[in-house]
Amino acid sequence: MLEIQEKFDTTGYEMLTDKAGNNNLHITEAMEQGRAVGFIAYTYHAESTVVYDYDDNGDLMLCDGLVRSVMFKSVLKGIEKMIFDIPDNNKFDNLKKLHFLSGDSNICENLDGFMNACDSCKNKKEVE
C-alpha cells in the first residue's frame, strides 16, 4: 500500500539541501513496501512554499498526491502560493496536466481554493 509521509532528515537529498541554501528543506516521500518510490522536496517561507524537485517515476497520480500533500500542509500554515523552482523543465508537463500550473508560469496561487475545488464540484452536482 502506498503511503505519503514526511522524512525527518535529508539523508540522500544533499544535492537539494545545497539548492535550498539556509532554508529548512523538507522531504516528503511516497513509500511502498518500505522503499521510497517518489519524493517531493520543498521549503516553507512566510508567503510561499518553494518546491525544488520531485520524482514521481512517471506516475501522474503519484505526482498529484505528492504535490497535494505539500499543498495541504501549506494551507494549514496559512500559505497561499506555491513556487516550483525545478531544474528539469520536463517535470512541468505533469504539473500542467494536473492544472497546478498554467501557461509558462511556475507559480500556483490560491492553494486553499485549489484544495477546495473538489468540494465546489461536489456541491454543484448535489444542487443539479
Side-chain angles (χ1 to χ4, degrees):
M1 180 173 164
L2 184 72
E3 294 180 16
I4 295 179
Q5 50 189 247
E6 187 164 356
K7 180 177 168 64
F8 293 102
D9 64 54
T10 56
T11 304
Y13 298 93
E14 290 81 10
M15 71 287 192
L16 294 170
T17 305
D18 292 341
K19 184 169 183 184
N22 292 332
N23 299 311
N24 189 14
L25 183 69
H26 294 265
I27 306 290
T28 297
E29 292 179 321
M31 303 294 290
E32 193 163 46
Q33 299 178 350
R35 67 179 186 87
V37 295
F39 76 89
I40 187 166
Y42 53 96
T43 57
Y44 298 114
H45 301 270
E47 300 293 323
S48 64
T49 298
V50 178
V51 176
Y52 294 99
D53 203 359
Y54 76 90
D55 184 5
D56 60 12
N57 287 304
D59 184 336
L60 192 63
M61 300 306 353
L62 182 55
C63 178
D64 186 69
L66 289 166
V67 173
R68 284 181 188 272
S69 70
V70 175
M71 235 182 226
F72 177 71
K73 292 191 291 184
S74 297
V75 169
L76 291 177
K77 292 178 178 292
I79 298 170
E80 284 294 319
K81 184 184 340 181
M82 186 176 278
I83 301 168
F84 293 89
D85 186 13
I86 300 170
D88 183 352
N89 287 333
N90 294 322
K91 292 186 178 184
F92 286 96
D93 292 342
N94 277 353
L95 299 172
K96 290 176 185 178
K97 285 179 190 173
L98 293 165
H99 303 287
F100 294 127
L101 300 175
S102 61
D104 291 332
S105 178
N106 69 329
I107 299 172
C108 180
E109 297 188 74
N110 188 15
L111 299 184
D112 187 46
F114 193 93
M115 292 299 295
N116 290 314
C118 292
D119 289 340
S120 298
C121 294
K122 180 181 149 192
N123 291 337
K124 286 178 186 176
K125 287 180 183 178
E126 289 175 359
V127 172
E128 291 175 354

Checklist entry - Taking only residues two or more places apart in sequence or in another chain, which ones pass side chain to side chain donor-acceptor pair (under 3.5 Å) with Lys77? => result none

Next on the checklist: Could you work out, with side chain to side chain donor-acceptor pair (under 3.5 Å) as the rule, every residue matching Thr11, not counting sequence neighbours?
Outcome noted: Asp9

Item to check | Non-hydrogen side-chain atoms of Ile86 and Tyr54 separated by less than 4.5 Å | outcome: yes

Next on the checklist: Can you list everything that forms a side chain to side chain donor-acceptor pair (under 3.5 Å) with Asp18? Sequence neighbours excluded, please.
Outcome noted: none

Item to check | CG on Leu25 to NZ on Lys7, rounded to 0.5 Å | outcome: 11.0 Å

Checklist entry - Going from CD on Glu109 to CE on Met82, what distance comes out if it is rounded to the nearest 0.5 angstrom? => result 12.5 Å

Checklist entry - More than 12 non-hydrogen atoms from neighbouring residues, nucleotides or ligands closer than 6.0 Å to CG on Asp88, yes or no? => result yes

Checklist entry - Under the side chain to side chain contact (heavy atoms under 4.5 Å, CB included) test, which residues partner Lys97, sequence neighbours left out? => result Leu60, Asn94

Checklist entry - How far does CG of Leu62 sit from CD1 of Ile4, to the nearest 0.5 angstrom? => result 6.0 Å

Item to check | Non-neighbouring partners of Phe100 that pass ring pair (Phe, Tyr, Trp, His ring centres under 6.0 Å), sequence neighbours left out | outcome: Phe114

Item to check | Test item: Ser105 side-chain N/O and Ile107 main-chain N/O as donor-acceptor pair under 3.5 Å | outcome: yes

Checklist entry - If you measure from CG on Leu101 to CD1 on Ile83, what distance do you get to the nearest 0.5 Å? => result 11.0 Å

Item to check | Any side-chain heavy-atom pair of Asp104 and Lys96 under 4.5 Å | outcome: yes

Next on the checklist: Given 3.5 Å as the limit, does a donor-acceptor pair link the side chain of Ser69 with the main chain of Leu66, or not?
Outcome noted: yes

Item to check | Spatial distance of atom NZ (Lys91) from atom CG (Asp55) [nearest 0.5 Å] | outcome: 5.0 Å

Checklist entry - Which pair of heavy atoms, one from Thr10 and one from Ile27, lies closest together, and at what distance? => result CG2-CG1, 4.3 Å

Checklist outcome for this item: Distance col, row Ser74:OG vs Glu80:CD, nearest 0.5 angstrom, shows 9.5 Å

Checklist entry - If you group Ile, Leu, Val, Met, Phe, Trp and Tyr by side-chain heavy-atom gaps below 4.5 Å, do Phe72 and Val51 land in one group? => result yes

Checklist entry - Do Val50 and Val67 share a hydrophobic cluster, counting only Ile, Leu, Val, Met, Phe, Trp and Tyr and linking them when any side-chain heavy atoms are less than 4.5 Å apart? => result no

Next on the checklist: If you count heavy atoms of other groups shown closer than 6.0 angstrom to CD of Glu14, is the number above 12?
Outcome noted: yes

Checklist entry - Would a distance-only check, ignoring hydrogens and angles, find a side-chain to backbone donor-acceptor pair under 3.5 Å from Glu47 to Lys81? => result no

Checklist entry - Under 4.5 Å between any side-chain heavy atoms of Leu98 and Arg68, yes or no? => result no

Which donor-acceptor pairs under 3.5 Å do side chains of residues 35-44 form with protein atoms, sequence neighbours excluded?
from  : atom 1 : to    : atom 2 : distance (Å)
Tyr42 : OH     : Thr28 : OG1    : 2.7
Tyr42 : OH     : Lys73 : NZ     : 2.6
Thr43 : OG1    : His45 : NE2    : 2.9
Thr43 : OG1    : Tyr52 : OH     : 3.3

Next on the checklist: How close do Leu95 and Cys63 get, counting heavy atoms only, and between which atoms?
Outcome noted: CD2-SG, 4.0 Å

Next on the checklist: I'd like to know if Lys19 and Asp85 make a salt bridge, using a cut-off of under 4.0 Å between side-chain N and carboxylate O.
Outcome noted: yes

Checklist entry - Considering only heavy atoms from C-beta outward, does the side chain of His26 approach that of Thr49 to under 4.5 Å? => result no

